[in-house]
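Here's the structure we're looking at; comments come further down.
Only heavy atoms go into these numbers, but all of them, side chains included; no hydrogens, no water, no symmetry mates. Below, chains carry the letters A, B, ... as their sequence lines are ordered, and counting in each starts from 1.
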Amino acid sequence: MGMTLREMVHEIGGGCRDGREFKAVQLGGPSGGCVPAGLLDTRIDYEDLKATGAIMGSGGMIVADETTCMVDLARYFLAFTQDESCGKCIPCRVGTRKMLDLLNAATDGRATAADIDRLEGLCRTVETTSLCGLGQTAPNPVRTTIRYFPEEYAAHVEDGRCPAGVCPMGGGGEAA
Amino acid sequence: VSTITIDGRVVEFTPGATVMEVALANGIDIPRLCYHPELRPSGGCRLCMVEVEGTAKPAPACGLECRDGMTVATVSDRLSAMRRDIIDLFVSEHPLACSTCEADGACALQQAAADVGLTESSFETEVTRTLYQDDNPFFIRDHQYCILCGKCVRVCDEVVGVNAIDYAGRGFESHIATPFDGLMIDSSCVFCGSCVQVCPTAALLPATRLGRGRDEEFTRIRTICGYCGVGCGIEYALKNGEIVYAEGHADAPVNGDFLCVKGRSGWDFVSSPDRLTQPLLRRDLAYELGLTEEPWEVPDTSPLASRKADLGGYLPVSWDVALDLVADRLAGVVTEHGPDAVAGLASARCTNEENYLFQKFMRAGIGTNNVDHCARLCHASTVTGLGTAFGSGAMTNSIRGMRDADCLLITGSNTAESHPVIGYEVVRAVKSGASLVIIDPRRIPLVDHATLWLQARPGTDINVFLAMMHVILREGWADEEFIRERTEGFEDLAAVVAEHPPEAAALVSGVPADLIEQAARLYARGERATGTPNGDSGERGRSSILYSMGITQRSNGTDLVRALADLAMLCGHIGKRSTGVNPLRGQSNVQGACDLGALPNVLPGYQPVADEEKRAAVAGVWGVSGLPAEPGLTVVEMMQAAAAGRIRAMYLMGENPMMSDPDLSHVEEALRTLDFLVVQDIFPSETALLAHVILPAASSLEKDGTFTNTERRVQMLTPVVAAPGEALPDWEITGRLAAGVATRLGRDGEARWRFDSTADIMSELAEATPSYRGMSHKRLAGDGLVWPCPRTDHPGTPILHTEAFTRGRGRFYAVEARPPAEQPDEEYPLILSTGRILFHYHSGTMTRRSRGLDWREPRGFAEVNAADADAAGVLDGKPMVIKSRRGEVRTQARVSDRVPPGVVFLAFHWKEAPANLLTSDQGLDPVAKIPEFKISAVRISKPARR
């Protein structure tokens with residue numbers, strides 16, 4: 001506690017494998033948030049992490065390098081929380097499902113810019129209205145990736161291109 | 001006073017209230033889909049979220065408790081956006097087939113979508129729940145419309161208490177399921193349809209409304225249920241004058257939205273082709289009168305012998321011919337044999353106005369007190385027992401108060417089956433922490449919810465009650481102040497109970513002494529299931545006794561009722577809300593029929609016929625010079641007198657003694673001995689088929705007037721459908737007949753017989769009946785009035801004996817533990833208990849003609865314990881013969897642990913296996929003259945091969 005993310009990732013963790021470029025770190029498990037390189041000097045404590053849009057959560061960290069697509073990463077984490085939903089309240093039961101649909105569309109190259117706006121709106125509704133912590137935090141990976149990596153989303157929906165070359169983009173875009 | 005501010009309005013609240021409750025009570029609407037005022041908040045639909053000042057996030061109003069000074073907004077931009085999103089999400093998994101949907105116009109989701117201007121989902125529609133189940137005649141389940149609000153699950157758990165359905169699966173795979181997704185009939189479902197009632201969409205619909213159109217095409221009429229004595233308000237949806245379906249309504253003071261299976265689905269008997277539609281004259285009489293050329297010999301086959309009523313021996317005639325003949329014959333018997341040679345049975349299923357007029361006819365028209373009705377066979381011992389102990393023989397407290405009791409003691413009442421909606425009150429009390437003590441030989445359904453079950457051997461409950469009082473006195477749990485200030489006769493009782501320690505009762509009853517002690521403790525101290533009385537305050541909690549015919553239909557019924565009254569007075573559990581001694585009355589208007597004097601010893605308002613002053617007062621109201629002073633005969637005595645030739649003619653209104661009275665062979669013999677029998681009914685009952693004249697009556701769904709329910713609440717009926725053919729309301733028939741008899745006896749111009757309306761009868765009835773004096777049809781609209789209501793400005797009396805008992809001081813009776821009249825012996829080693837089951841009602845004339853009810857229980861059966869079945873070689877589901885000293889019946893055996901070894905249970909609904917062929921008309925309670933239906937010695941056997 002108290003050390004910076006940079007110290008944790010680059011000094012203790014030894015940085016990215018094979019000299020690849022650091023892109024982001026997902027903090028606090030699947031309901032946590034993605035923090036970009038520009039915020040690596042954030043101190044690891046509850047308040048400072050929260051200010052980035054991430055959470056301490058489980059305390060886990062997953063480091064992503066340039067080969068990771070942030071849209072795909074958000075989709076991956078949401079698929080997990082969506083699967084964990086108990087189904088009692090509608091925003092979590094159906095809301096996360098619809099968010100996942102939109103992310104799948106983005107990674108398939110079927111989405112439009114309006115879909116990303118819709119996704120952001122749903123993030124607000126799901127996190128504000130869900131009954132328990134699962135639904136309230138489920139949008140975190142989506143929110144933070146949209147916030148810190150808007151260009152990746154834009155590439156997917158506007159250019160039909162996945163900058164990291166991860167997404168299939170079967171919707172017409174070429175895999176870069 | 002605590003207040004909160006909602007949308008700028010300052011409103012008061014009582015501590016514990018939620019923002020939703022306070023908002024709705026003040027006319028502030030909050031969007032909601034999973035909320036129901038009678039159910040615990042679920043918080044699943046998230047639509048009711050409101051902004052709370054000083055809090056970053058909105059909170060759901062349904063689960064948000066008011067705090068003093070709280071400020072809440074139900075509308076904001078943020079809320080509007082989120083609500084729209086949420087409805088969008090709901091709609092995304094719901095087919096938008098509104099124009100062809102049965103619930104069009106009555107769907108809460110459709111309304112919610114319209115409120116935010118949503119015509120279709122902005123998301124891809126994905127309907128994944130696809131179950132369609134129409135496996136029963138009561139309702140269909142169409143899960144494509146299910147929005148998982150969970151109200152059905154909650155009502156089944158919190159109100160009905162049977163948990164037939166629950167959530168299954170998780171997340172997007174969640175759905176409402178029966179166990180293993182099986183058929184409804186294989187679940188614990190009681191088909192009450194409460195889930196259908198609360199369903200906001202078309203996921204659950206009454207089967208009868210399929211294909212009948214939209215809600216807006218239906219007219220709606222509210223009346224009171226004609227089955228049991230709970231007095232539920234029912235709203236019928238009609239199209240072209242036909243009932244489409246029935247439901248509860250929030251304004252009903254007893255039941256609110258909830259009904260039982262009979263109330264919700266048992267109405268289709270009204271249009272049965274078996275209904276009586278014309279006056280009928282037996283062919284031998286018709287021949288005698290020259291109305292037919294064919295002679296007719298009355299067959300001697302019993303009406304019980306064939307399942308289908310055969311009216312071949314009857315000739316339809318006009319009302320004039322029928323009523324002239326009846327008036328001639330009744331007047332003739334009076335002239336020839338005197339008025340006491342005529343007897344009449346009024347009906348607990350007819351209105352107050354009709355019963356009033358009927359007993360007036362017997363007393364002032366015929367001139368006899370020989371008028372009684374089937375209350376004799378159910379709660380006569382309540383009237384005698386509580387009447388003498390308290391001064392009033394009726395429920396002391398209200399039904400709605402039961403849910404707030406700390407301890408409920410139920411004995412001799414299968415509440416969940418015989419009074420299901422009162423059973424819901426019991427379930428609700430238990431779910432909020434009340435303790436439930438059941439003293440009953442049978443494992444009745446409510447035992448599932450009981451804190452303690454004392455399975456006393458039949459006939460030994462009196463020992464248990466005396467031992468409980470012994471423990472209460474020994475442990476110092478009695479309310480000495482109450483005993484001192486409010487009662488008399490305590491010393492005599494104390495002397496008797498001193499001789500009944502729980503150890504002695506245990507030997508007789510088979511109930512362990514420590515269970516008796518625990519029961520005494522829970523009841524006396526009013527302890528909750530957690531063992532803490534009255535919310536940890538240390539004060540005595542509220543305990544209420546519920547009992548029914550397991551107590552009253554006994555040779556010592558009056559003593560048993562008095563013992564329960566003793567128990568209540570001993571602990572001061574009377575005269576306060578959610579306490580008291582509460583006899584649950586069996587029929588829709590059995591309370592009213594008793595109140596209005598359809599009893600041989602009392603005039604309307606329980607004014608003794610032997611009391612000269614009271615008699616003169618009533619005679620004054622009726623405009624007659626005098627009334628008979630000698631109490632008349634009771635039901636069973638009438639039959640015995642008929643067999644002996646002392647009663648020559650009988651007038652029966654809506655009663656079926658050929659099914660409901662003890663020892664049917666004797667009843668049939670007695671009725672056949674009569675010179676003249678006239679039966680007025682809605683169906684050709686087994687009794688009607690012995691009559692000389694049958695008069696077709698309107699059912700309770702076809703007339704107006706009032707019913708008095710078991711909690712003494714007088715409520716208005718409204719005609720829902722037209723009576724079939726020439727059938728008439730009973731009051732019109734009785735009025736016309738009485739006028740004809742009066743003319744023939746030269747009594748024209750004395751008492752009034754012809755009335756313009758039931759309201760007109762009510763005016764006279766109120767004048768003659770002190771406890772109803774303040775009532776009129778005008779005042780009875782809405783919630784009705786609870787008697788006593790002595791003045792036109794009196795609000796009614798939901799709780800009796802609050803300051804003083806009706807008789808002044810409560811009277812303790814030192815009752816003795818008497819054994820039943822007939823004990824099992826070597827020849828008849830088992831005890832037969834009779835009663836009712838959930839899906840049928842009394843002699844089955846109505847319920848066995850209801851499609852759904854008949855589907856659920858189509859044929860008679862008797863419950864027998866595996867040990868007794870084995871010993872007799874009887875197999876589950878196979879035929880069994882039950883034989884008593886009076887007769888024998890053959891029925892299907894249902895081997896079940898609901899009855900203990902040594903006990904057989906047979907309901908009295910089954911014409912093909914009439915329980916009352918087995919029961920005895922001897923060994924009546926000496927005071928109440930009630931037969932011991934609950935205990936007859938029998939033996940069982942496998943039927944001989946034919």
How about [X]: does its [atom1] atom have over 12 heavy atoms from other parts shown lying under 6.0 Å from it?
X	atom1	answer
B:Arg78	CZ	yes
B:Arg67	CZ	no
A:Tyr76	OH	no
B:Glu126	CD	yes

Short side-chain to backbone donor-acceptor contact, A:Lys88 and B:Ser42, under 3.5 Å: yes
Donor-acceptor under 3.5 Å (B:Arg170 side chain, A:Glu84 main chain): yes
Chain B contact residues among residues 143-157 of chain A, heavy-atom distance under 4.5 Å: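 Hits under 4.5 Å: none found.
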Inter-chain contacts: residues 39-65 of chain A against chain B, heavy atoms under 4.5 Å: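 Listed by number: none.
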A:Arg97 side chain reached by B:Phe123 side chain, heavy atoms, under 4.5 Å: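 Side-chain contact under 4.5 Å: no.
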Beyond-backbone contact of B:Pro58 with A:Thr128, side-chain heavy atoms, under 4.5 angstrom: yes
Basic-acidic side-chain contact under 4.0 Å: A:Lys98, B:Asp85: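 No salt bridge links A:Lys98 with B:Asp85.
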Short N-O contact, A:Arg93 and B:Glu93, less than 4.0 angstrom: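 B:Glu93 and A:Arg93: salt-bridged.
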